[in-house]
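Okay, so here's the structure we're looking at.
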Amino acid sequence: MERTELLTDLGVASTTKSVMKKLPEVTLAFWIMKIAATTLGETAGDLFAQTLKLGYFLTTMALFLIFVVTLVVQLRSASYNPFFYWTVILSTSMAGTTISDFMNRDASAKFLSDGSTSLGWGPQGLGLGYPAGAAILISILLAIFLVWKLSGMTFQIRDIVTFRGEALFWSAILVSNTLGTSMGDFLSDSSGLGYAGGALLVTGALVVLVVLMKMPAVSNVLLFWIAFVLTRPLGATAGDFLTKPVAKGGLDLGTAGSSAVLLAILFGLMAYAHVQEGKAATPCSTTPPTSQGSV
């Protein structure tokens, strides 16, 4: 298999593939926006559940509803729109944060702060713990990929244009973001590495994936999904590093302030992506397009 074919396995395709596409090209900008969205998902989820004291249960219900609404908008769109796509990514990141917290945590003193005695109205959390929660989420994610494989539909995101294909894709995204949150919280809270150490470990793992991309024997589709999961704990640990108290190894910037800054950054990146998408859709020469570079 030639190198150009390997690159497109990861979703990096020539501009000739962009007609009526529903999902973005996978470039360096894609991964920057993914990390920004997942970091914002962490801080915003914590803002609603913990800072505003709505609790994991109410916040999960509200954020899951937001996810459904944003997903309907994305599914009804006739072509790729950066604002629609990244809004769904953000909503899955926020919902994934509180779903993970609800699964893994409970109302014990370990997870409460500022003298709180509860996590809001409703069930206080299932208290499964990070290993059990991660095992359940991995099983669900594998089941989604199995159904996806048996359906015969492509895993290459540049070629996903059907309703069923998108439904499977977004199901995998929601579960992978939830799984990534569990992994990030485990690294930050239970591994002893702390927020900065956890972020460095995940960054190192992502560097390894980039190296593996150069090896023809390794499927770049598999590497894409591993990277997609791993960028979530990177966002989770980065979000915790920004918001948690200095005594716990964070910068204590607060969930509200951090979320506002990250939202501005993400919207700026979305606007940039929208402009670039418009340029790509406008023919500027008669020269045949060439494949984009590797991420």
Side-chain angles (χ1 to χ4, degrees), residues 10-13 15-45 48 60-99 144 148 153-178 180-181 224-225 227-229 231-232 235 259-282 292 295:
L10 187 58
V12 182
T15 52
T16 56
K17 292 284 189 179
S18 64
V19 179
M20 294 304 292
K21 68 178 183 178
K22 293 295 300 292
L23 303 174
E25 306 289 354
V26 180
T27 63
L28 179 60
F30 171 93
W31 292 113
I32 293 173
M33 294 178 71
K34 169 63 165 58
I35 294 170
T38 53
T39 305
L40 176 57
E42 179 72 16
T43 60
F48 292 117
T60 296
M61 295 299 101
L63 293 179
F64 188 80
L65 179 60
I66 292 174
F67 160 67
V68 172
V69 172
T70 58
L71 179 59
V72 169
V73 174
Q74 165 67 20
L75 292 175
R76 290 178 62 87
S77 175
S79 61
Y80 169 61
N81 183 303
F83 286 97
F84 295 166
Y85 175 85
W86 289 106
T87 300
V88 185
I89 291 291
L90 176 58
S91 67
T92 62
S93 297
M94 292 191 298
T97 295
T98 54
I99 292 172
I144 292 173
W148 196 338
M153 289 181 286
T154 180
F155 283 98
Q156 298 179 4
I157 72 170
R158 74 173 189 271
D159 294 330
I160 298 175
V161 294
T162 65
F163 178 88
R164 285 199 307 160
E166 271 202 277
L168 288 167
F169 173 80
W170 288 114
S171 298
I173 294 299
L174 178 61
V175 177
S176 66
N177 274 333
T178 306
T181 301
F224 168 82
W225 282 105
F228 206 98
V229 171
T231 49
R232 184 62 185 92
S259 297
V261 172
L262 289 166
L263 184 62
I265 292 173
L266 183 60
F267 267 94
L269 292 171
M270 289 163 66
Y272 173 78
H274 184 73
V275 171
Q276 293 300 109
E277 191 67 22
K279 290 180 179 179
T282 303
Q292 298 181 23
V295 179

Main chain of Thr98, side chain of Thr60: is a donor-acceptor contact present, judged purely on distance under 3.5 Å? yes
Heavy-atom pair with the smallest gap, counting every atom of Ala44 and Met94: CB-SD, 3.5 Å
Quick check for you: to the nearest 0.5 Å, what is the distance between Thr70 atom OG1 and Leu90 atom CG? 8.5 Å
Return each pair, listed once, that meets salt bridge (charged side-chain N to carboxylate O under 4.0 Å, His left out) where at least one residue sits in residues 61-85; pairs must be two or more places apart or across chains. none
The criterion is side chain to side chain donor-acceptor pair (under 3.5 Å); which residues satisfy it with Thr178, sequence neighbours excluded? none
Answer yes or no: is there a side-chain heavy-atom contact under 4.5 Å between Val88 and Phe83? no
Looking only at atom types and distance, does a side-chain atom of Trp148 sit under 3.5 Å from a main-chain N or O of Thr154, one as donor and one as acceptor? yes
Checking Phe67 now: which residues fulfil ring-ring contact (aromatic ring centres under 6.0 Å, His included) with it, not counting sequence neighbours? Phe64
Roughly how far apart are Leu262 CG and Thr43 OG1, rounded to 0.5 Å? 5.0 Å
Partners passing ring-ring contact (aromatic ring centres under 6.0 Å, His included) against Phe84 (at least two apart in sequence or in another chain): none
Does a donor on one side chain sit under 3.5 Å from an acceptor on the other, for Ser93 and Thr38? no
Phe30 vs Tyr85 aromatic rings, parallel, tilted or perpendicular, using cut-offs 30° and 60°? tilted
Mind checking ring-ring contact (aromatic ring centres under 6.0 Å, His included) for Phe267 and listing every partner two or more places apart, or none if nothing turns up? none
Just wondering, do Leu266 and Met270 contact through their side chains at under 4.5 Å, heavy atoms? yes
Is there side-chain contact between Thr162 and Met153, with at least one heavy-atom pair below 4.5 Å? yes
Provide the full list of salt bridge (charged side-chain N to carboxylate O under 4.0 Å, His left out) pairs with a residue in residues 161-175, sequence neighbours left out, each pair given once. Lys22-Glu166
What one should report as the nearest heavy-atom pair of Ala95 and Leu174 is CB-CD1, 4.4 Å
Beyond-backbone contact of Ser91 with Leu63, side-chain heavy atoms, under 4.5 angstrom: no
Separation of Leu75 CG from Trp170 CH2 (nearest 0.5 Å): 8.5 Å
Note, Phe169 side chain near Ile173 side chain (heavy atom, < 4.5 Å): yes
Under a 3.5 Å distance rule, please check whether Lys34 uses its side chain to pair with a backbone N or O of Thr231 as donor and acceptor. no
Is there a donor-acceptor pair closer than 3.5 Å between any side-chain N or O of Ser77 and the backbone N or O of Gln74? no
Could you give the distance from CD1 (Ile265) to OG1 (Thr39), rounded to the nearest 0.5 Å? 9.0 Å
So, for Ala37 and Ile89, which heavy atoms are closest and what is the spacing to 0.1 Å? CB-CG2, 3.8 Å
Between Val229 and Trp225, is a side chain to side chain contact (heavy atoms under 4.5 Å, CB included) present by the stated rule, with each step listed? CA-CA 6 Å; Val229 171; Trp225 282 105; 5.7 Å; no
Aromatic plane relationship, Phe224 with Trp31 - under 30° parallel, 30 to 60° tilted, over 60° perpendicular: tilted
